[in-house]
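One structure below.
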Amino acid sequence: MQEISSALKQAAKSVYETDIEPEISRPEAKFGDFSSNIALKLAAQLKKPPREIAQALANALSQNPNLAKVELAGPGFINFWLTDKVLAESAQAATRPAQALAGQEILVEFGDPNPFKEMHIGHLYSYIVGDAIARLLESAGASVRRLSYHGDVGLHVAKTIWALKQASGAAEFQLADGLAADTMIGNYYAKGAEAYEQSPSAKDEITKINHLIYSGQDPDIKNIYEQGRELSFKAFDNILKLLDISNDRRYLESQTAEVGKEMVQKNIGPVFEESDGAVIYPGEKAGLHTRVFITSQGLPTYEAKDLGLTSLKDKDYPGARRSLIITASEQSEYFKVMLAALAEINRSLAEKTTHLAHGFLSLSTGKMSSRTGNVYSATNLLAKVKERVYAQYPDSAQKDEIYLGAVKYGLLRHHLGSDIVYDVEESVAVEGNSGPYLQYAHARACSILAKASELPAEPAAIESYEPPERLLARKISEFPEVVAGATAELAPNQICNYLYELAQSFNKFYETSRIIGDPRAGLRLKLVESYSQVLAGGLKLLGISAPERM
RNA sequence: GCGCGUGUAGCUCAGCUGGAUAGAGCGUCGGCUUGCGGAGCCGAAGGUCGUAGGUUCAAAUCCUGCCACGCGUACCA
């Protein structure tokens, strides 16, 4: 691809004395392996018919030994066919990802559930998509630091602690294990939140607890708080371990408050303004919202704290080239304001920081009500899918890989910005575009390879492909480009699309091409091998396992 | 009101840095199996790409207006 591009560039230069960066694309199979619209682009500039230009450029490339055929088509496209030999080589090499980000340190913040509350499905989505993006960056050679940020202060904490005090204190936490710990915390929060709404006396007590948490004066509260926070994080760890998602460092809101407040106060005048006793950033001057950074009571808001967080990250990772923050899209506007303020304080830090918004996740059945904290929890969703998969695969040793793959793929296959309506049945359906479908596709290929390995090796020296073989080889060879594109655009769903198409290509090939025992077994086995490696590699980028049987 | 996002087949979604006849899954209808895992393959029906304009050789894709839905809009996070 690179080679065709530079050859075209050369040709344009020598024939027409013009500099242009040719666009090469992957057209439908009938239009060749690669295609360029360069002649159409040049037509206006050179004031010549596009087909004439295309013909001249095609002639210049027709002698290239790696190309089997160069043709004109349509209004002036140039279509290229690789020789089967070159195609075979590129399919073989497809499993090696390009190291475009080698040596770069990149920070990725995602997940961000709050302790003293249950992790809900929005956090689950954020974790899964953030992890996939981190994996993409890692595959390109980057050193990724997975970070998260947690609201460990505030009214929600007081509500949970109030409910804990009503029960027997944090001691009960000790009893819960695995995913149950998270559910238990959620239950306490729900009790506290309900009491806060329903009972004036409870509301007073909760407000009082909130102050005591800040002051740290009451040893009993302090004890419950510290234990509760630790156990909350343990509960999150249990979920993350299950999901095979790692987390390098947690930042806490209680750490960022002072740093952020200081940053704001130092910049009152040049950046921030005082208004009605509060300190604000006048975002309206730049078409953004004006937001409060320090309240009239002198407390830093989330805005100020997040400013502090960027500074903490910068101190901890001074060499980081980029810093991504992944959250739900409801925070998009807010982040623009925060980053605009940051740009005025520390331009280079703001420039390397990017906010990435994902859509809202809901379930095709069941509504969420966020009023009482009765949101749909991550553990509920996982349990539901697990139950469904366990019923379908009672004897499989891969039950857990299957249900986790179903959840991850079901979320990741969507475009990042759009809202998702998650359908449990669809996500576990084995026929259709699902995680289990791809896992099955992989297991089937592995089973062929396992059988073949028991037989004597077949020679692979066949010079040319039959059509179904060629289509599969072509699809396999696209993998590195797809990964590069998905990484550049931070779009894991492009990997999903590709893998699904890849599996379809394989199934078509498989339908017509006998492998074991066929005279072409050697060549075909090589294809199956590359295919299963690429499929497994692609699934790995999504954080999905590729079982050899299921 | 203003800002951001979304609007593509009955349903769920790809495609959006302009390119060839707008794709897939589910669902519907029809076909394929004395064989490597049929969880598959082949075919049919199904589309004013929200809408009206504009730019262009070429628009689902870019620009503008309008409509619908979601989110945000100063002391919550």
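For the C1' atom pair drawn from B:A20 and B:G65, the interatomic distance equals 32 Å after rounding to whole Å. If you take atom P in B:U56 and the same atom in B:U61, they sit 16 Å apart, rounded to whole Å. Nucleotides B:G27 and B:A45 place their C1' atoms 12 Å apart, quoted to the nearest Å. Comparing the C1' positions of B:C41 and B:C57 gives a spacing of 40 Å, expressed to the nearest Å. Across the P atoms, B:C11 and B:G50 are found 14 Å apart, a figure rounded to whole Å. Rounded to the nearest Å, the gap between the C1' atom of B:U33 and that of B:U28 is 23 Å. Annotation: B:U64 and B:G3 have their P atoms spaced 11 Å apart (nearest Å). Rounded to whole Å, the P atom of B:U8 lies 11 Å from the corresponding atom of B:C49.
RNA chain B is contacted by both A:Asp276 and A:Asn79; A:Asn79 maps to the nucleotide lying nearer its 5′ end (nearest heavy atom per residue). The residue among A:Asn493 and A:Ile78 whose nearest nucleotide of RNA chain B is located toward the 5' end is A:Asn493.
No engagement by A:Thr327 is indicated, since no non-hydrogen atom pair under 4.0 Å with the nucleic acid exists. Within 4.0 Å (heavy atoms only), A:Phe77 reaches at least one base atom of the nucleic acid. Across all strands, A:Arg413 comes closer than 4.0 Å only to sugar-phosphate atoms, never to a base (heavy-atom distances). A:Asn497 comes within 4.0 angstrom of the backbone, heavy atoms only, and of no base.
Of the N and O atoms on the side chains of A:Gln494 and A:Glu489, at least one donor lies less than 3.5 Å from an acceptor on the other residue. Between the side chains of A:Ser513 and A:Glu466, not a single donor N or O lies within less than 3.5 Å of an accepting N or O. In this model, a donor atom of one side chain and an acceptor atom of the other lie less than 3.5 Å apart for A:Glu303 and A:Thr301.
The base-pairing partner of B:C57, taking Watson-Crick or G-U wobble contacts with both distances under 3.5 Å, is B:G19. Both distances falling under 3.5 Å, in either a Watson-Crick or a G-U wobble arrangement, place B:C2 opposite B:G72.
Reading RNA chain B from its 5' end, the first and the last nucleotide to sit under 4.0 Å from a heavy atom of chain A are B:G3 to B:A77.
Salt bridge annotation for A:Glu529-A:Lys526: absent, with no cationic side-chain nitrogen under 4.0 angstrom from a carboxylate oxygen.
Between A:Tyr281 and A:Phe272, the angle of the ring planes goes over 60°, which puts this pair in the perpendicular group of the 30/60° scheme. The aromatic rings of A:Tyr127 and A:Phe110 sit perpendicular, their planes meeting at an angle over 60°, well past the 30° parallel limit. Classified by interplanar angle (parallel below 30°, tilted 30° to 60°, perpendicular above 60°), the ring pair A:Tyr149/A:Tyr302 is parallel.
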